[in-house]
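Notes follow once the structure below has been shown.
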Amino acid sequence: MIILERKTEKLNKYKRITNEFFSANDFLPTSLLSLYQWQEIKKQGIKKNFQLAIEINSDESSESIKDSLKKFSMIQLNFKTFKDGRPFTLVKELRIEHKFKGEIRASGHILPDQYVFLLRCGFDTVEIKKEDKEIWIELLNLDNGLYYQP
Amino acid sequence: MTKKLKGDFFLLSANELQSGKVVFYTKKGWLPNSNKAIKIHRDDLSKYDDIFKKDEEKCIIISAKFVELDESGKIKTLRDKIRDSGLTIKIK
Amino acid sequence: MYKYSNIDKKIIADRTKQFQNQVERRLNGKLTEEEFKPLRLMNGLYLQLHAYMLRVAIPYGELSSTQLRKLAFIADKFDRGYGHFTTRQNIQFNWPKLPEVPEILDQLSEVEMHAIQTSGNCIRNISSDHLAGLTAEEVEDPRPWCEIIRKWSTFHPEFSFLPRKFKIAVTGCLEDRTALLVHDIGLRLIKKNNVIGFEVFVGGGQGRTPHIAKMIRSFLSKKDLLNYLEAILTTYNQLGRRDNIYKARIKILVNELGVQKFKSLVEKNFVKFSNEKLKLDKNTINDIFNFFKLPKLKYSSNKLPISKNKKFNEWKQQNTLPHKISGYSIVLISLKPPGKPPGDADSRQMQELANISDDFSFGEIRVTHEQNLVLPHVNNTQIYQLWQQLDILKLATPNIGLISDTICCPGMDYCALATARSIPISQKIGNNFKKYFDQKSIGDIKIKISGCINACGHHHVGNIGILGLDRNGEEFYQITLGGSAKEDAAIGQIIGPSFSEKKLISAIRRIIKTYRKNKKNASEDFLSVFRRIGIEAFKKDLYDNTRKKN
Ligand code: SF4
């Protein structure tokens, strides 16, 4: 998988924490947590003085992170299926309602045909297969910046 | 796909990817009418599963399905009959 | 009529290019059918029983003669010489081939048409009153508002992957000809304290669980229209159910939450996300309104001509309405001649009608949600001549609003989802009530026929609704009575056990008989009688007799 920021491939500095019994020592500023892991940390009251990244699936409720957005440098919204359009609204909530300034990334089952929509809604980056890079860029190139919406 | 099917004999049918036309699986491949279609016993269905999946992958057909036959060997449901023989109404 | 700006043109052209790319990727296997399907649906392309079907948008039902000519051309070149006008004021072609669809879209874009968002889980074509701008009682022309909404909803980045499809209708009249209250959102222009704004209804729909829309705003100011629509869609996209396709429409959400709760969520989102840039200022609104001015019509005292020709008189009585400019009439063209599939027009009819509209109606044609066509501004002095030409084309059937003017979906003859055929039923009704005199004596009545519970034929809101079912492989038809799609919208009630195809027509005849027997005076229509005497009276007559006969 690669990370694409508009037309440029970007280094993925985040890594999932896969240890089942994670402890405070496992977390680095480059850790990508699942929603479950984040909730556990909160429960255990582990305090970290650096930011993390979190992944939220399109069918998960994001309510529990909304009061701790400052803790995140990156939020990854993972599409279970490209037909599940909830992240398109969630990203609006994060940006407009919660003024989240960090990176928001789309991952999971997404199509290059959705690229322009993703960017316009407030995503910064997408996680895609390496071999699909060309088609993602090709479809972005078709975009000429003319839209009906502001 | 085969689990829900009742009946003993079936034809394999699909729509052509390009034209959308109804086709049936025959010894000579996918053809438009059901006369030449291979009559498939329910025990052999899984073999034909592989055939249509391959042809779906090869972008020849889409929407494949088994068409149930009645005791006399004719297509059973009205829907499948209409798929086979076309509109029941005059259009002009 | 609205004319595309350069931006419109570019956006549509790009989309065609994009779809071309998608078709290529599909044909060479880079897209699987599962991935391609939602993309083709967003471009109006379905797979039906026998072939693909392309649904072309006719925004708010308005066509120019040039556009109609192009539709005729497409019917001939890429299809089998005909098209089908739908209950959402669109047109469907039944036999296109996948590799040719991009070319069809190219052809359409030449006349400022497209198939965008005529399918898929997005905001669909906006529908409107086919008499928009033509009647005196109208508060304001709804078409400019439809156009404003069309733009905003086209390729909306946030609302293109909704839980389910989303339909919006706009009307400018109290008298509703849009089936407003069975739309996901219904907007009605009203005047309060001399200011024009919108009443907002939400959560109407048909299908498996029909609902009449509920009002969530009794007055919405014009400038806030788009922000308010965004707030509704935001709420729906956040909370609409995605676990069960049958529960995914907004009507279910509204009902599960309750209308008060839903309304409060919408109002919150309205405050949270209101975007200055979406506010509509007077200039923007005026610019759009300028496209929808009436053509130059001259007031006169010319009345409709008096003739000895019986056929003409019947047609004149049934298929014309007064225009708000005196001296002109609105002409309704029935696409329900006896024995033909309702809503179908062949390429010659389309071609000739395009010419006729140039000669008689300023090149303008409208499509009604009842699957008929309208010539909006015909000079009364030319009516007879017009009728003669329509008659030659078999487009002068005098049955608008009568029993043979059925709404009917394609049913099992075309549709992959159908449980029974619907067109043959409509044809039988047409053949059974052929004579104008008979039909006139029955009066205004709406029969609506769907080939399955999806209700594209609006059976729930038919005065008589007919729903095709599959009972152990045999076609059966359930009858509902008392539905209405008008301002007094109501869902019909099931009268009782369903009927085989053979017995259906005599059942309809018996229902009509009960109506005739009970009507108080010549002008009391079917729905009024039904509302007065209730379903039991009909039930008793219908099933008692059936049993005796069996
Ligand atoms: S009501 Fe059913 S049969 Fe008729 S067009 Fe809709 S889906 Fe098809």
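Letters A, B, ... are given to chains in the order of the sequence lines, protein chains preceding strands, and every chain is numbered from 1. Computed from heavy atoms alone, side chains included, the values below leave out hydrogens, waters and symmetry copies.
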Look at C:Lys394, C:Glu475, C:Arg26 and state which one has the largest set of heavy-atom pairs under 4.5 Å with chain B.
C:Arg26
Residue C:Gln427 versus chain B: region with a heavy atom under 4.5 Å
side chain
Taking side chain as everything from C-beta outward and backbone as N, CA, C, O, which of these in B:Leu87 sits under 4.5 Å from a heavy atom of chain C? Side chain, backbone, both or neither.
both
Which atom of C:Lys97 lies closest to which atom of B:Ser19, heavy atoms considered:
CG-CA, 4.1 Å
If you count heavy atoms of other groups shown closer than 6.0 angstrom to NZ of B:Lys76, is the number above 12?
no
Which heavy atom of B:Gly86 sits nearest to which heavy atom of C:His50, and what is that distance?
CA-CE1, 3.6 Å
What distance do B:Thr88 atom OG1 and C:Ile423 atom CD1 have between them, rounded to the nearest 0.5 Å?
7.5 Å
Under 4.5 Å from a heavy atom of chain B, the part of C:Leu47 involved
side chain
Over all atoms of both residues, closest heavy-atom pair of C:Leu98 and B:Leu17:
CD2-O, 3.7 Å
What part of B:Ser63 is in contact with chain C, defined as an atom under 4.5 angstrom from a non-hydrogen atom: side chain, backbone, both or neither?
side chain
What one should report as the nearest heavy-atom pair of C:Met412 and B:Ile82 is O-CG2, 3.6 Å
Side chain, backbone, both or neither: which part of C:Arg421 has a non-hydrogen atom closer than 4.5 Å to chain B?
side chain
Name the member of B:Thr77, B:Ile89, B:Val22 that forms the most heavy-atom pairs with chain C at distances under 4.5 Å.
B:Ile89
Nearest heavy-atom pair of C:Asn28 and B:Cys59: which atoms, and what distance?
C-SG, 4.4 Å
Roughly how far, to the nearest 0.5 Å, is the CH2 atom of C:Trp95 from the NZ atom of B:Lys21?
11.0 Å
Return the minimal non-hydrogen interatomic distance between C:Ala416 and B:Arg79, and the atom names on each side.
O-NH2, 2.7 Å
Would you give the length of the straight line joining atom OG1 of C:Thr32 to atom CD1 of B:Ile62, rounded to the nearest 0.5 angstrom?
11.5 Å
Please state whether the side chain, the backbone, both or neither of B:Glu16 comes within less than 4.5 Å of a heavy atom of chain C.
backbone
For C:Gln48, is it the side chain, the backbone, both or neither that has a heavy atom under 4.5 Å from a heavy atom of chain B?
backbone
Heavy-atom pairs under 4.5 Å with chain B: which of C:Ala51, C:Pro99, C:Gly29 has the most?
C:Pro99
